[in-house]
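Here's the structure we're looking at; comments come further down.
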2 protein chains.
Amino acid sequence: MRLVIATCSVDYAGRLSAHLPLAKRLLMLKSDGSILVHSDGGSYKPLNWMSPPCSITTQEPDADQLEAGITELWKVTQKKTDDVLIVSIHEVLHDSSHELGIDPGLVKDGVEAHLQKLLAEQIDLLGDGHTLVRREYMTAIGPVDILARDQVGAAVAVEIKRRGDIDGVEQLTRYLELMNRDPHLSPVRGVFAAQEIKPQARTLAEDRGIRCLVLDYDAMRGLDDADSRLF
Amino acid sequence: MRLVIATCSVDYAGRLSAHLPLAKRLLMLKSDGSILVHSDGGSYKPLNWMSPPCSITTQEPDADQLEAGITELWKVTQKKTDDVLIVSIHEVLHDSSHELGIDPGLVKDGVEAHLQKLLAEQIDLLGDGHTLVRREYMTAIGPVDILARDQVGAAVAVEIKRRGDIDGVEQLTRYLELMNRDPHLSPVRGVFAAQEIKPQARTLAEDRGIRCLVLDYDAMRGLDDADSRLF
DNA sequence: CAATACATGTCGACG
DNA sequence: CGTCGACGTGTATTG
């Protein structure tokens, strides 16, 4: 990895066109050829970048560019998409290279998968007498998170989200429409379960006869003794 | 901005839990208190990070941690969300600070807004005899990109996307459902216009009687003489 | 401030 | 290799 601090301007042309005026920035060149242009603030997203696979070539600035103060010109291209990133460097204030090696990678734990597992184990959160049919119940257009049956044996399809948004309601609606065409399942009721349900999503869901269920993650986790503590 | 190259392990606890095993990485500390942990590959997304506003405190490693080779311990916290990021540093290989100042920011050009403008100007792409009613036609649940009328005066609602995905069809469906309840507009036909329409989106759209229209951005831009060249 | 739609989204899983 | 859904999504816009 090469780290360069420099005053530069940047131009990008690809799916859109974008320009960065002259300023002092960090240029991070990764060993796979990719480049990130970072400012000293904002979030983790760079001001500009080029994703791998791509290649960097340096060009000689022409007379006009030299006149304008450009000392180096980098052209980063992505063959496949024809995207181009041009970095016009004026002054280099720092330049260092470092051998990092391959990263062992991130180990993630829990979110929606965990919620799904917990709700399957605590299926009576749907209401007394409910029984689990199975998780990831397969349909023609994808798996429903949980299929259960209520106290009188009627099918219940559950869509689980961390944050209950309008999209999740649409998704569940598509499943329900399909499942209700199946005489073995029909009638299927829908339950939209999430840690947090947005008002518009709730309105849409209830308008379509879908029940909303707010999940208390901490309480559900607390009940699950087998879940080992991480800290 | 402070740049540190170090062998370190990282633990995050917040909306999920994640762990990075010991390895050599770049730690980027921005002046707003945020921190990014980057490897020498992948895309622009860091392996781990903490978004501003957040604060970094250094802790003294205890006996066990010193024994394990930890020389520095950073704890990054976000007050609002209770997220915590812990960086356990073993060996520091590089450490430099740089004053960058505030970035003037990115200047973007065109995307969906541009497509919308061009289609409004070239409304006959919808078919001969079409006329524009208006862009961003307001409905109770949000603005329809374009409302037009066809050669016989029937209403046409157009949803424009750069990439036509299933979500866009759902969005247009909601608009159409609402607009068709309005006796002044009904019957309203739907047109789903995008530079590229995914097969599943096309299937869903056509199943619902929505016409799909693939937009040739370059051709549309070529027709627009007033659109100045960027390069 | 909250809700919503957009993103050069990125990323992983699956067919 | 494309499609699809999730994301610690982030981010701007608008009510």
Quiz item: Once the angle between the rings of B:H38 and A:H38 is folded into 0 to 90°, is it parallel (under 30°), tilted (30 to 60°) or perpendicular (over 60°)?
Solution: perpendicular

Quiz item: Under 3.5 Å, is there a donor-acceptor pair between the B:E136 and B:Q116 side chains?
Solution: yes

Quiz prompt | Between C:dA5 (P) and B:E136 (CD): distance, integer Å | solution = 12 Å

Practice problem: Could you tell me which non-hydrogen atom of B:K30 sits nearest to which non-hydrogen atom of A:G41, and how far apart they are? | Solution: NZ-O, 2.9 Å

Exercise. Check step by step if side-chain contact (heavy atoms from CB on, under 4.5 Å) holds for A:M28 and A:I35.
Key: CA-CA 6 Å; A:M28 189 191 311; A:I35 180 170; over 6 Å; no

Quiz item: OP1 or OP2 of C:dG9 less than 4.0 angstrom from a side-chain nitrogen or oxygen of A:W49, does that happen here?
Solution: no

Quiz item: What pairs with A:K24 under side-chain hydrogen bond (donor to acceptor under 3.5 Å, both in side chains), at least two apart in sequence or on another chain?
Solution: none

Anything under 3.5 Å between a protein N or O and an N or O of nucleotides 11-15 of chain D, put it in a table, one pair a line.
{"unit_1": "D:dT11", "atom_1": "OP1", "unit_2": "A:S43", "atom_2": "OG", "d": "2.1"}

Quiz prompt | Out of D:dA6, C:dC6, D:dG5, whichever nucleotide has its closest atom nearest the side chain of A:R174 | solution = D:dG5

Quiz item: Do the charged groups of A:R135 and A:D145 touch, with an N to O distance under 4.0 Å?
Solution: no

Practice problem: Grab the NZ-P distance between B:K30 and D:dG10 for me, whole Å please. | Solution: 13 Å

Exercise. Report the C-alpha separation of B:S39 and B:R25 in whole Å, then their side-chain angles, then the decisive distance to 0.1 Å, and conclude whether the side chain to side chain donor-acceptor pair (under 3.5 Å) test is met.
Key: CA-CA 5 Å; B:S39 65; B:R25 303 191 176 91; over 6 Å; no

Quiz item: Which string of ( ) [ ] | and . matches DNA chain D, if you list each base 5' to 3' and count Watson-Crick or G-U pairs only when both distances are under 3.5 Å?
Solution: |||||||.|||||||

Exercise. Let me know the distance between CG of A:D145 and P of D:dG5, rounded to the nearest Å.
Key: 12 Å

Quiz item: Going by heavy atoms in the side chains, are B:I89 and B:L73 under 4.5 Å from each other?
Solution: no

Practice problem: Give the rounded distance in Å between these two atoms: NZ of A:K161 and P of D:dG5. | Solution: 9 Å

Quiz item: Roughly, in whole Å, what's the span from CG in A:L16 to P in C:dG9?
Solution: 8 Å

Practice problem: Find out whether A:L119 and A:V158 are in side-chain contact, i.e. whether some heavy atom of one side chain is under 4.5 Å from a heavy atom of the other. | Solution: yes

Quiz item: Given atom CD of A:Q116 and atom P of C:dA13, what is their separation to the nearest angstrom?
Solution: 15 Å

Practice problem: Scan A:M50 against the nucleic acid and name what it touches under 4.0 Å (heavy atoms): base, sugar-phosphate only, or nothing. | Solution: nothing

Quiz item: Please give, in whole Å, the distance from C:dC11 P to A:D32 CG?
Solution: 10 Å

Exercise. Starting at atom CG of A:L115, determine the distance to atom C1' of D:dC7, rounded to an integer number of angstrom.
Key: 14 Å

